[in-house]
Amino acid sequence: MSQLKQMDIVNFKLNQETYSRLYQQSINEPNTFWAEQGANFVTWFVPWQVVNDSDFSKATISWFKGAKLNVCFNCLDRHLAKKANQVAIFWEGDNAHRRQVITYQRLYERVCRFANSLKTVGVSKGDKVCIYLPMIPEAMIAMLACARIGAVHTVVFGGFSPRALRERIQNAGCKVIITADEGIRNATTIPLKKNVDAALSDITVRKVIVIKNSGTKVAMHSPRDIWYHELAYQQSEACEVQWMDAEDPLFILYTSGSTGKPKGIIHTSGGYLLYAAMTFRYVFDYQAQDIFWCTADMGWITGHSYGVYGPLANGATLVMYEGLIAGASPYLVWEIVDRYQVSIFYTAPTAIRTLMASGDAPLANSKRDSLRILGTVGEPINPEAWRWYHQKVGKGKCWIVDTWWQTETGGIMIAPLPGPGKEQQKPGAACQPFLGIKPLIVDENGKAVVKETQGFLTIAQSWPGQARGIYANPARFDQSYFSQYKGLYFTGDGAFQDKDGDYWITGRVDDVINVAGHRLGTAEIESALVRHPLVAEAAVIGVPHPVKGESVFAFVTLISSNPWQDSLIPELQQEVIVAIGKLAKPDKIVYAPKLPKTRSGKIMRRLLRCIAADELDKLGDISTLAEPEVIEQLKAALAAEKNKLE
Ligand code: PRX
């Protein structure tokens, strides 16, 4: 029996010494280790027959085969005996007059009512339900209601455009959409219902369930559209759970890849829940009295794993805020921390940099004495932002957990575990692999590199939270993650280990960019740009941005004989807003007479990055460039652009 099993897991602190011992066990005897953790963290209805049946060479991942459980039961029902009156969610509306305090008992009742409502409109096990909601309690309630009856949710971030929403609804085959009249974010409204109507203009779904949020008048198309309050009011507040196989899908979440359309990443019930619960517990050193605030929107994986499933599986108390903290008053952010006595705060470097830019006055206005752990996720954190977070926000007393992971990994993979000497923290380092995670940094031939050498980050062993596939496209799953290096999962990130063995993430090595913590595929933005009738080709790169980390920079060529006009810029930006959403809008669009390509026709983005950054001395080897004069033309185009601005 492992050490964790014998201890009271609520009071257990994973210190460095125990970590090292457990880590060795988790890597050397993974099946024994995960079987013990499965028993510690999850309540199963039927035990498993096979712990792990994963095989990277076949792109098949399977954990706890034969077991049955229900994720919603694990997040709610099993806590009721002891925690019925404990707060599950402190919800803070965008407008400070809208607040809710929801206990575990009340959350359970509201989830059951929602689950019964879904059943009434014909949703049953295996059906796909699209959730397109703002950050209101119903977003979490709808997810849990789906999990309760075995429906598969696919949450779409409210910032995505109608076209992007339609693409996801169609790909997943959703029959029911849950939305709201409007979202409210930082005092502006988002026309969610209108967007759904536009997305469904030429496709049919069974029902659109609409939650009254802002109270604005919206068009309701009978019999397709139904108000949630009208549907819910006759429903019971008790609902039997549907027992699910461990490998039944829990959700599909779309994320961007380096080519083509977004990928519908599939996560299943048993392994995902265990991994989300266990990483939440140890990476944030969660203790019974903690108040946890994860600022991520439910539309992203962080919102799924640490805004809902991980914390609730541990019976934690959460703070949920309707607005976007990067757009909120910086005073409000720290006021919320004080109001609810938040002890663990988890956000993205972009938000930290935005708050930092507001200066220290908002900090002086708050105490923040409750804070104990400060987490970051989604993009590399620059040392300056790290230090501000540590020294100013946390007053030098809080442990900073810089967590590296991905939509595909289900939960945190590499992070400095809280515990050892705080003075030794390394700003910007993701540090140590979580228990059971075996990173391997390799060169382009798949050979492990030595310490202090940059390479490609892969993971050498399966873990329970790993994605099981790409919806409706198993071949793409294999090709995206398992075909590059035999027997390894390829993350798409670069990394190195320092001399102490700590991991540092250096950023994406593929054609994915990270703008304000949002993962975007350059190919998706390029496809949007070439929809414009005058555009022949487009090449998109990410360029460094002081707040957003990266911003979108596009080069476009025009169909011959069309002259470039600056009035095209807003038109082209609009193409991207329509296809994806404002989050992908290029900050800069530059006319290029031609794009630099290899002789086989591949765009050399590396050269575009150097040209955009004015680093022509770093162009390196250009011998494969088909038309070397392109470089001079691009330089001239950029210089003309600069002159216009001056
Ligand atoms: O490049 C890495 C970056 O975000 C990518 C994953 O994006 P997504 O699937 O949207 O999930 C984001 C939230 C988990 C990674 O491939 N990334 C994530 N966390 C970090 C990071 N880069 C550096 N440091 C991190 N802590």
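Counting starts at 1 for both ligands and their atoms, following the listed order. Because the structure is predicted, anything quoted here is derived from the model rather than measured.
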### Query
Crowded around K392 NZ? As in, over 12 foreign heavy atoms under 6.0 Å?
no
### Query
Any chance the side chains of S462 and Y489 put a donor and an acceptor closer than 3.5 Å?
no
### Query
Regarding E524 and S256, is there a side-chain donor-to-acceptor distance under 3.5 Å anywhere?
yes
### Query
What pairs with A528 under side-chain contact (heavy atoms from CB on, under 4.5 Å), at least two apart in sequence or on another chain?
V576, A579
### side chain to side chain contact (heavy atoms under 4.5 Å, CB included) assessment of D94 paired with Y321
CA-CA 7 Å; D94 191 68; Y321 168 54; 3.7 Å; yes
### Message
Taking R353 first and then E379, would you say they form a salt bridge - that is, a charged N and a carboxylate O separated by under 4.0 Å?
### Response
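Salt bridge present between R353 and E379.
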### Task
Please list, by chain and number, the protein residues whose heavy atoms come under 4.0 Å of ligand 1.
I301, T302, V377, G378, E379, P380, D402, T403, W404, W405, Q406, T407, D493, I505, R508, N514, R519
